[in-house]
Amino acid sequence: MKTLKYIFSFALIFFMSCAEDDNDLSFIDKVEAPSEVSAVFKPTLDEDSGNLGLISITPNAIGAASYNINFGDGTEMLAEVIQGESVVHQYAELPEGEFYDVIIEAVGITGLTTTGTESLPVVYEAPEMSCVLNENIEISNDIAISKEVDVTVTAKYGISYEVYFGEPGKDEPKTANNGEPLDYQYQEAGTYTIRVVAMSASSQTTECVFDFEVTAILQPLASAKAPPFRQTSDVISVFSDKANYEYNLANDLFPYWDQGANWNVGQFLIENATYTDTIVRYTGLTYQGVQLGAEIDASEMEFLHLDIWTADDNDAQVSPISASTGTNQYDLALTANEWTSFDIPLSYFIDGGMSMSDIAQFMFLGAPNGGAIFVDNIYFWREASSYTPLLFDDFEGNGNITTWDGDQAGLNTDFVNPYVNADNFSDTVLEYQDTGGQYANVQFLRDSKFDLSAGKSVFSLKIYVPSSGITGSQTNQVSLKLQNSELGPNLWQTQTYIIKEIVLDEWQVVTFDFENDNWINQNNNGTDPDPVDRTDLDKVVIQVNGENNNDNVIAYIDDFNYGTTQPADSPPSPRDGFEGKGTITTWVEDQAGLDTDFANPFMDANNNSPTVLEYQDTGGQYANVQFTVTPKFDLMAKSKFTLKIYVPSSGITGSQENNISLKLQNSELGPNVWQTQTFIIKPIVLDAWQEITFDFVNDDWINQNNNGPDPDPIDRTDLDKVVIQVNGENNNDNVIAYIDNFNYHK
């Protein structure tokens, strides 16, 4: 019956104010036009009209305040109806198979309108339908919603129908147009008497009555959301066969712990075209759990994850069990008929006196006893301690992408970085040169298809587009497209892509996430799948400032990564390229000359940066340069300090070893900061730019140790000052040095 056409328009509304100029009307910009316009028709009894053709029309739409109704029978007057009200109109009878097109214009609060059309048959004959179920009347249990019944009635000569669902205390019927479905959810499963009343354009009706068994869905119909991709070092799995998390196959998911006679356990399978998911089922739950094949040390993890489904209104409890310290139950508030996900901080168990270093069992408890739960994806995890992309290229000779290719664009994957600064210290980058190619891009082909599921949907890159290299008036943007190389010249027809705007004349990181960003499908083959569900994509195409133009673009691309979302950089993040974009604003000299804006006197292929830090020790006994950060360093999260240094032999006096020290101190100790410092010394060569890294996890570090203890630097939380010293201290020798590209990182 329903043949809807939507027409969007905007009725201009003038707001007039004499005194209140500060009214905030910004919300108007966010209001959308009404949607899902419809109307329900129902014959109306009226003895004066002869009970023929008198039809009540109740319009409805999302976001509508009122309606204008054109009755579709030539009546010139439009009916105005507010939301929730009805209008009655007398219709003349039509031959069977013909309709009145009733036009409903839904009007929103701002005047935005949407128009829909409903087809109305008007026949005075009594409705004709069979009372044999599933002929003219379809009644069925909903396949996805527990205790919900779906009804559709298609009666000859029918306009609409009513259904009385027979639930005690709920006597009002639900009404739908002939041929359109309606649904009803019962409070409890059971057998109910359902009465169906079909109506035509007269007072005559036809009724059918059925005893129908309403059923509850007692098991999940779909899997819980797949766990995200994680590095193996950041997860310890107990059970999860739908993730990349390996677990001990000796784990006993159904141990007998003398629970009594009513408990039952087993495995439940969810199967579809692409996977089979095994789920643990505990029914008649008093207490049950997992006997681990080997004890788990989860002391370095941060969370316990669980996915639980139940059809009951009951809750449950869970506890890992420590071999040495026992249990500490956590209350699980469950939502009936859907998966509930939990990420429980392990601090909850630890604060209750539990050790997480010797987990031997898991226990689930019914709350109250006797319910049923389905459990999946049991694992410990922590935020990423490191990040290893699945595909990457830093254009420094590191990476696993070897097939970069230009398509109507010049390509150089070993180009000297022309814009070295604190945002990108890299020596070499990819040069992208579009000299007017209509579809200019750079691309590479992966040797296997992408699997964008489980969080493996993120591509990122650094890009610098100088304004001097652009012609034309295209929007400044970069696109990342995924294609199926097997389609040959037609691969673009099914591509999926994301477009991101960029700014000119600066390095920026651009991220493309095919799970969470707004993606676009080319859709030339008629389908519109979610990229995360596709398994045919293997080509990556990068395009700057669009296609179908002959404009010129020069761009520089660096640090291409594909995998999961990279962990956010934790503060502090001191870095300085001495080009005016560093995050260190408090460089201080101590018995040494310091210039943070010194023209690089030794610019070459190893460091083409225009400006550097000049370090000038003219004989100070403890000469150094230094800075302080906020907050304190967390060397567990990031342990490395990297810089470039050039020490000309002509600037040195004395016989000290040529080296550089990086010292970490606690500024709160004032003049005694040196007494608890920790430091690393590295040798250097003269007359050459070199990159030095100080790693307080893997390098040999030294503690000053003047206050007795000798802690590992990664266990300290009091360090906030960095001191850089060239050729040691306790001497009066001269040293001139040039420092660049200071960075603190993982």
Side-chain angles (χ1 to χ4, degrees), residues 223 226 228-229 242-244 271-277 388-395 399-413 430 432-434 437-461 463 477-500 510-549 555 557 559-565:
S223 299
F229 178 86
K242 199 170 177 287
N244 67 312
E271 299 180 276
N272 64 28
T274 58
Y275 66 86
T276 298
D277 187 16
T388 303
L390 302 176
L391 285 176
F392 63 100
D393 202 337
D394 63 0
F395 307 103
N400 52 13
I401 303 171
T402 60
T403 57
W404 286 101
D405 188 26
D407 181 10
Q408 297 186 2
L411 170 70
N412 185 345
T413 58
L430 180 153
Y432 171 112
Q433 195 164 30
D434 172 7
Q438 186 176 2
Y439 304 106
N441 63 74
V442 296
Q443 53 186 252
F444 69 86
L445 182 64
R446 192 186 188 189
D447 58 5
S448 62
K449 301 292 187 180
F450 286 105
D451 175 7
L452 301 177
S453 66
K456 304 186 298 294
S457 59
V458 183
F459 299 78
S460 68
L461 53 83
I463 188 169
Q477 63 186 36
V478 58
S479 308
L480 189 138
K481 306 180 180 185
L482 301 180
Q483 301 174 337
N484 177 6
S485 66
E486 296 177 7
L487 300 181
N490 297 320
L491 78 184
W492 62 274
Q493 294 185 357
T494 64
Q495 70 185 2
T496 185
Y497 58 99
I498 295 171
I499 302 173
K500 292 290 183 79
V510 183
T511 299
F512 310 84
D513 185 345
F514 282 87
E515 180 175 0
N516 298 303
D517 285 345
N518 293 323
W519 43 264
I520 305 167
N521 285 341
Q522 194 72 26
N523 201 27
N524 279 57
N525 68 342
T527 60
D528 193 32
D530 191 315
V532 172
D533 297 328
R534 294 181 63 173
T535 59
D536 62 327
L537 303 168
D538 58 1
K539 178 173 276 193
V540 175
V541 175
I542 299 170
Q543 193 170 61
V544 183
N545 284 17
E547 59 182 28
N548 279 315
N549 66 75
I557 295 172
D559 294 341
F560 180 93
N561 292 303
Y562 159 68
T564 57
T565 301

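FYI, side chains are in, hydrogens and waters are out, and symmetry mates aren't considered; it's all heavy atoms of this structure. All residue numbers refer to positions in the sequence shown, counting from 1.
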What is the minimum heavy-atom distance between Ser479 and Ile499, and which atoms define it?
->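 That would be OG-CG1, 3.6 Å.
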Minimum heavy-atom separation for Phe560 to Val540, with atom names?
->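 Nearest pair, atom of Phe560 first, then Val540: CZ-CG1, 4.2 Å.
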What pairs with Asn561 under side chain to side chain contact (heavy atoms under 4.5 Å, CB included), at least two apart in sequence or on another chain?
->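 Scan of Asn561 (side chain to side chain contact (heavy atoms under 4.5 Å, CB included), adjacent residues dropped) gives Tyr387, Pro389, Phe392, Ser460, Gln566.
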Starting at [atom1] of [X], measure out to [atom2] of [Y] and round the result to the nearest 0.5 Å.
| X | Y | atom1 | atom2 | value |
| --- | --- | --- | --- | --- |
| Asp536 | Asn484 | CG | CG | 4.5 Å |
| Leu480 | Gln543 | CG | CD | 10.5 Å |
| Gln477 | Asn545 | CD | CG | 6.5 Å |
| Asn524 | Trp492 | CG | CH2 | 4.5 Å |
| Lys481 | Gln522 | NZ | CD | 7.0 Å |
| Asn523 | Gln493 | CG | CD | 11.0 Å |

Derivation and outcome, side-chain contact (heavy atoms from CB on, under 4.5 Å), residues Lys500 and Asp517 = CA-CA 10 Å; Lys500 292 290 183 79; Asp517 285 345; 3.1 Å; yes
Hey, is the main chain of [Y] close enough, under 3.5 Å, to the side chain of [X] for a donor-acceptor pair?
| X | Y | answer |
| --- | --- | --- |
| Thr403 | Leu445 | yes |
| Asn400 | Leu390 | yes |
| Asp513 | Glu515 | yes |
| Asn521 | Pro529 | yes |
| Asp407 | Ala440 | no |

With heavy-atom distances below 4.5 Å as the criterion, would you say the side chains of [X] and [Y] are in contact?
| X | Y | result |
| --- | --- | --- |
| Trp519 | Val532 | no |
| Arg534 | Leu482 | no |
| Ile542 | Ile463 | no |
| Leu487 | Thr494 | yes |
| Glu547 | Gln408 | no |
| Asp405 | Val442 | no |
| Phe512 | Leu461 | yes |
| Phe459 | Leu452 | yes |

Does atom CG of Asn548 have more than 12 heavy-atom neighbours, drawn from other residues, nucleotides or ligands, at distances under 6.0 Å?
->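 Counting neighbours around CG of Asn548, more than 12 heavy atoms of other residues, nucleotides or ligands fall under 6.0 Å, so yes.
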Hey, would you say the Tyr562 and Phe444 ring centroids sit under 6.0 Å apart?
->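 Not under 6.0 Å, so no.
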Tell me the salt bridge (charged side-chain N to carboxylate O under 4.0 Å, His left out) pairs involving residues 440-455, sequence neighbours left out?
->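 Checked against salt bridge (charged side-chain N to carboxylate O under 4.0 Å, His left out) - neighbours excluded - the pairs reaching residues 440-455 are Lys449-Glu486, Lys449-Asp538, Asp451-Lys456.
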With sequence neighbours excluded, residues passing salt bridge (charged side-chain N to carboxylate O under 4.0 Å, His left out) with Asp530 |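 Listed in chain order: nothing, the list is empty.
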Are Gln438 and Asn549 linked by a side-chain donor-acceptor pair shorter than 3.5 Å?
->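 No pair is found: no donor N or O on one side chain lies under 3.5 Å from an acceptor on the other.
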